[in-house]
Amino acid sequence: MFQDRLQAQLLPAVERAFTELFQQQLDGRSVSFQATRPEFEGDVTLNVFPFLKLSGKGPEQTATLIGEFLIRELPIVQRFNVIKGFLNLVIADAYWTGFLKAAQAHDLLVFPSTGKKVMVEYASPNTNKPLHLGHLRNIFLGWSVSRILEAAGNEVIKVQVVNDRGIHICKSMLAWRKFGQGETPESSGMKGDKLVGRYYVAFDKAYRAEVEGLVASGLSKDEAEKQAPLLLEAQDMLRLWEAGDPEVRALWEKMNGWVYDGFNATYARLGVTFDKNYYESQTYVLGKNDVREGLKKGVFYEKDGAVWVDNTPEGLDEKVLLRRDGTSVYMTQDIGTAIKRFEEYPGLSKLIYTVGNEQDYHFKVLFIILRKLGFAWASELFHLSYGMVDLPSGKMKSREGTVVDADDLVDEVVSEARSMGEELSKLDGFSAGEKAALYEMIGLAALKYYLLKVDAKKRMLFDPAASIDLQGHTGPFIQYTYARIQSLLRKAELLSGDHGPGATDTHALLPEEKQVLKLLHHFPAVLHEAETRLDPSSLANHAYEVVKAYNSFYQAIPVLKEEDADKRAFRLALSKVVASTTRRAMWCLGIDVPERM
RNA sequence: GGUCCCGUAGCUCAGCUGGAUAGAGCACCUGCCUUCUAAGCAGGAUGUCGUUGGUUCGAGUCCAACCGGGAUCGCCA
């Protein structure tokens, strides 16, 4: 369990209190301190209810005895009050100002190196259509988790698996060859992924027309769907692809190339990168030997000529790993790819798959299989499962054209940031290019924060109006606070006589100052939690809490206008740490912050 | 049908291994800019925490059943 610097002092003292006052051994792990609720006096609270058996006394008496002991033993405990079983401790201002000094010297959200290497897989698109809103949640989530792991001291390898082969891309290729008349991204001025996606849609349309015609001529729907000439042709093309037919391969490479150009443009705009790309056209052959090995070892078994795994002892089902004809299924290649990755990256300590929760079962089975094959690292595989994104109108359906395109969405939110910015017009001296870059930064912040602040595990509703909101609990609100502080710091430097911000402990902390300090103080614990739970939302929400408290402070307490030099220096120091910590927290979310806005 | 996830204010969401009178934002209302950036601050109103039982000193949180929503269970990917 993560201990902050305050708990590190309090916990041993509480343990001593139990040995000296009650002659009992207290298990430190069972002790939890919580922030004191605002309606009571105090900074941290110890709930003594769980320890009444140890103390052998009533709640009030137990709490009072411990409180008195802490006052004697720890200078940082200034006074206390007891309400029922709650021991509320007031921590001395000197502790908080000392904390601020430490935070000035060392970034609160940078942990020492763990020496561990972690691989995060995310994005993983198909190459037959452009990226959409669902991909955005995946991409922002995977990127943020990578950053969080880095901040927590790990080396992170970011990868994607590109699903570049299969019937879906053959459909686009076929449609392009039939109807495309040589159209290219250049000739049409269309982004490559959009162009290929258009032919995928064109295929679907023509195919359904064929199916309807066949049904009209008397076939059942099922038969029609299987016998439509276009589908047969696409399947032929897939066979030619697998046989390495030069012409099909050339077309495949050309059209995938267009898609990659389009994806790369989107990734660049979103600000994400990959250290390595895996392509299914290469990985789909993996895993067969591993499955045969498993068969030899008796981990799997043969039935009807196919190879199976029996997961009924784990409460799951039986599952085919190699078809009767010896070809592999999706699971087979995932087995092989996982093994290959741990070979390619010796010392890899964890592998995280950012994949939607509709594949929960798949990953459960995959991890069990790898464990059965005897790989020690199988326990370090993690499915970062996230919920679907729904629209107010319901589920996104490509057939019904309700899919929200990623590029369009970014355009929209950036344009909202622009009109807001123009309206407020606070950017004197900015060039057109600087303004455009700023609006881009703000728009992306709105979108990223909107998708990241919700617990990733949960299905979420995407409200287009709320996602471009720039006020309240949003990314731009946090950026705004940062820009505000930067402005303050710039002005402070202009004032003569100030030799930079410094923390002093010569004045009694105001409630607004202390509130900000307490929230900052809690930040490392939040990062730790975000890392262990692989959950950016907790970090996103805490960043909001901090800047909200800072804004209250800012609005109520003078900084530069303060005449007392010590107080002014202290408040500047506080502001500076809020800014740098906020910037780091936003970095962990993949969101940039501006110097002005 | 089996397995898994979800149900908290009008809407969208927080609520850490059980702890004090369940919190934010949006929307609605009232104040605050001759400016340390009003993309802000202060204040107002809003709850059978899906239902019913159980465990506990204490349950939004744990357990069971039920109701409602979703996912998944293929020699598909």
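Order of the sequence lines fixes the chain letters, A, B, ..., with proteins taken first and strands second; residue numbering starts at 1 for each chain.
For residues 453-464 of chain A, the set of pairs meeting the salt bridge (Lys or Arg N to Asp or Glu O under 4.0 Å) definition, not counting sequence neighbours, comprises Asp390(A)-Arg459(A), Asp455(A)-Lys457(A).
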Return a table of donor-acceptor pairs under 3.5 angstrom between the side chains of residues 465-472 of chain A and protein atoms on other chains or two or more places apart.
from, atom 1, to, atom 2, distance (Å)
Ser467(A), OG, Pro464(A), O, 2.9
Asp469(A), OD1, Gln471(A), N, 3.1

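Of the residues in residues 440-452 of chain A, those with a non-hydrogen atom less than 4.0 angstrom from any atom of RNA chain B are Ile442(A). A heavy atom lying under 4.0 Å from RNA chain B marks the following residues of residues 414-423 of chain A, by number: Met420(A).
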I need a per-nucleotide contact map over nucleotides 28-37 of chain B, read 5' to 3'. Cutoff is protein heavy atoms under 4.0 Å; write B for the base, S for backbone only, - otherwise. --------BB
5' to 3', nucleotides 67-77 of chain B under a 4.0 Å protein heavy-atom cut-off (B base, S sugar-phosphate only, - none) gives ---SSSS-BSB
Which dot-bracket string fits RNA chain B when only Watson-Crick or G-U wobble pairs with both atom distances under 3.5 Å count, crossing pairs get [ ], and | stands for a partner on a different strand? (((((((..((((.....[...)))).(((((.......))))).....(((((..]....))))))))))))....
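Partners of Asp222(A) under the side chain to side chain contact (heavy atoms under 4.5 Å, CB included) rule, at least two apart in sequence or in another chain, are Ser220(A), Glu225(A), Lys226(A). Phe140(A) is linked by a side chain to side chain contact (heavy atoms under 4.5 Å, CB included) to Leu136(A), Leu270(A), Leu447(A), Lys448(A), Leu451(A), Leu452(A), counting only residues two or more places apart in sequence or in another chain. In this structure Asp535(A) satisfies the salt bridge (charged side-chain N to carboxylate O under 4.0 Å, His left out) test together with Arg533(A), sequence neighbours excluded. Contacts of Glu563(A) classified as salt bridge (charged side-chain N to carboxylate O under 4.0 Å, His left out), with partners at least two apart in sequence or in another chain: none. For Lys514(A), the side chain to side chain donor-acceptor pair (under 3.5 Å) criterion is met by Asp43(A), not counting sequence neighbours.
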